[in-house]
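First the structure, in the form of structure tokens, and then the observations on it.
Proteins get letters first, then strands, A, B, ... in listed order; numbering begins at 1 in each. As a basis for the values below, the full set of heavy atoms in this structure was taken, side chains included, without hydrogen atoms, waters or symmetry mates.
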There are 2 protein chains.
Amino acid sequence: MDIKIGELASRTDCQTVTIRYYEKEGLLPKPMRSSGNYRLYSEAHIERLNFIRHCRSLGMMLVEVRALLRFRDTPNQDCSQINALLDEHIQQVETRVEELSQLKSNLIALREKCVGAQTIESCGILQGLSHDSNLIDFKDALALQGLGCSS
Amino acid sequence: MDIKIGELASRTDCQTVTIRYYEKEGLLPKPMRSSGNYRLYSEAHIERLNFIRHCRSLGMMLVEVRALLRFRDTPNQDCSQINALLDEHIQQVETRVEELSQLKSNLIALREKCVGAQTIESCGILQGLSHDSNLIDFKDALALQGLGCSS
DNA sequence: ACTTGACCCTATAGTAACTATAGGGTTTTT
DNA sequence: AAAAACCCTATAGTTACTATAGGGTCAAGT
């Protein structure tokens, strides 16, 4: 029941280029090849890729996914580390939610500075951006690229 | 009152490499140079950089910052476009907050699947990641890199 | 058998917003 | 004068993909 990469992509809702990327990154083992050098995937690959995609959908970075895959590959190990990893990740998401909520409040406050102005010269928004320095309070907000992006 | 890049970095809480990056990206005009080829910045540069940093602190992408800078540079223009830009940005932040809140709920649900288990074999988390496919509902969650990152 | 379109392959570069590194020059402090 | 701090340009790296280039394979249609 070997399938080609396009079929695997369909079944896992993941692009072929991403599958090749995961293989290159070591997340997916190299599959067998056909005589024409096409990759041939087994059921185990499907399961593993689903696992990876599931983790990604939960916002985990690949480094985190790797850790979970290692746990998955050694089933006799203590699972407290998995708990810890997930707890840490949940904490990060919580922090991000709070930061973004704060950011939203700041943006709305700024937005309300332009009510009725007609030209840029009298625009409260640009003036707020130019002089209202109490908004630059949190450096983390600059890293609004999510949980795992380098800030 | 020309200052060197290190001083500008201090005053604006921005790294020198980032300042050079902004100059290269065209956000900051090229400054005059000393006889030793050091950059010499004026008060206008300080103001402009503060503006840029302020926008960044609000999660705006550089492409958005550029648009606002253009408005700032042409003060006789209609400011409705600034309003529109900010409204669009607020909407994006709202969407992101909602997505992350949903993600947090999903993570907590997953976390609660491991209560009392001792080994990975019986760990509800890994099993949830392996078989519980109803969590892979939103592709946007994969782009948990924030507002402007390519997904 | 040939053609065509779909699929596959590897390699490399690009995305966004920085940040690190390498190698060297200039200024300030000791 | 020497050392330390600061400055310069150029390039590569970060994360997780994604686009592009150039070419090979497979299957269906003619």
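Remark: P of D:dC7 and CG of B:L40 are 11 Å apart, rounded to the nearest angstrom. Counting to the nearest Å, the C1' atom of C:dC9 and the NZ atom of A:K24 are 14 Å from each other. For the pair B:E23 CD and C:dA17 C1', the interatomic distance rounds to 17 Å; values are reported in whole Å. Rounded to an integer number of Å, the gap from CE of B:M61 to C1' of C:dC18 is 14 Å. Note: OH (A:Y22) to C1' (D:dA16) measures 7 Å, nearest angstrom. Atom C1' of nucleotide C:dC18 and atom CG of B:L49 are separated by 14 Å, given to the nearest angstrom. The distance between atom CE of B:M60 and atom P of C:dA17, rounded to the nearest whole Å, is 13 Å. If you measure from atom CD1 of B:I19 to atom P of D:dC6, you get 14 Å, rounded to the nearest angstrom.
For A:L62, the listed nucleotide lying nearest its side chain is D:dC17; candidates were C:dA17, D:dT9, D:dC17. Which of D:dA16, C:dC18, D:dT9 sits closest to the side chain of B:R56 comes down to C:dC18. Comparing D:dA16, D:dT9, D:dC17 by their nearest atom to the side chain of A:R53 picks out D:dC17. Listed nucleotides D:dC8, D:dA16, C:dC8 differ in distance to B:R20; the shortest reach to its side chain belongs to D:dC8. Taking every side-chain heavy atom of B:T16 into account, D:dC7 is the closest of D:dA16, D:dT18, D:dC7. Side chain of A:T18, nearest nucleotide from D:dA16, D:dC17, D:dC8: D:dC17.
The line from CG of B:L8 to CG of B:D13 is 11.5 Å long, rounded to the nearest 0.5 Å. Atom OG of B:S80 sits about 11.0 Å away from atom CG of B:L85, to the nearest 0.5 Å.
B:S101 is linked by a side chain to side chain contact (heavy atoms under 4.5 Å, CB included) to A:V97, B:V97, counting only residues two or more places apart in sequence or in another chain. Under the rule for a salt bridge (Lys or Arg N to Asp or Glu O under 4.0 Å), A:R72 has no partner lying at least two apart in sequence or in another chain. For B:R70, there are no side-chain hydrogen bond (donor to acceptor under 3.5 Å, both in side chains) partners, not counting sequence neighbours. Partners of A:D2 according to the salt bridge (Lys or Arg N to Asp or Glu O under 4.0 Å) rule, which considers only residues two or more places apart in sequence or in another chain, do not exist here. Contacts of A:K104 classified as salt bridge (Lys or Arg N to Asp or Glu O under 4.0 Å), with partners at least two apart in sequence or in another chain: B:E94. Remark: B:E88 pairs with B:Q92 by the side chain to side chain contact (heavy atoms under 4.5 Å, CB included) rule, at least two apart or across chains.
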For nucleotides 2-4 of chain C, print each protein N/O atom paired with a nucleotide N/O atom at under 3.5 Å, atom names and distance only.
none

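In terms of phosphate contacts, A:R39 brings a side-chain nitrogen or oxygen within less than 4.0 Å of OP1 or OP2 of C:dC9.
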Throw together a table of side-chain donor-acceptor distances under 3.5 angstrom for residues 14-29 of chain A, partners on residues two or more places apart or in other chains.
| residue | atom | partner | partner atom | Å |
| --- | --- | --- | --- | --- |
| A:Y22 | OH | A:R53 | NH1 | 2.4 |
| A:E23 | OE1 | A:R39 | NE | 2.9 |
| A:E25 | OE1 | A:R66 | NH2 | 3.0 |

If a protein heavy atom is under 4.0 Å from the base, mark B; if only from the sugar-phosphate, S; if neither, -; do that for nucleotides 19-28 of chain D going 5' to 3'.
-----BBS--
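Between the side chains of B:H45 and B:S42, a donor-acceptor pair is found at a separation under 3.5 Å.
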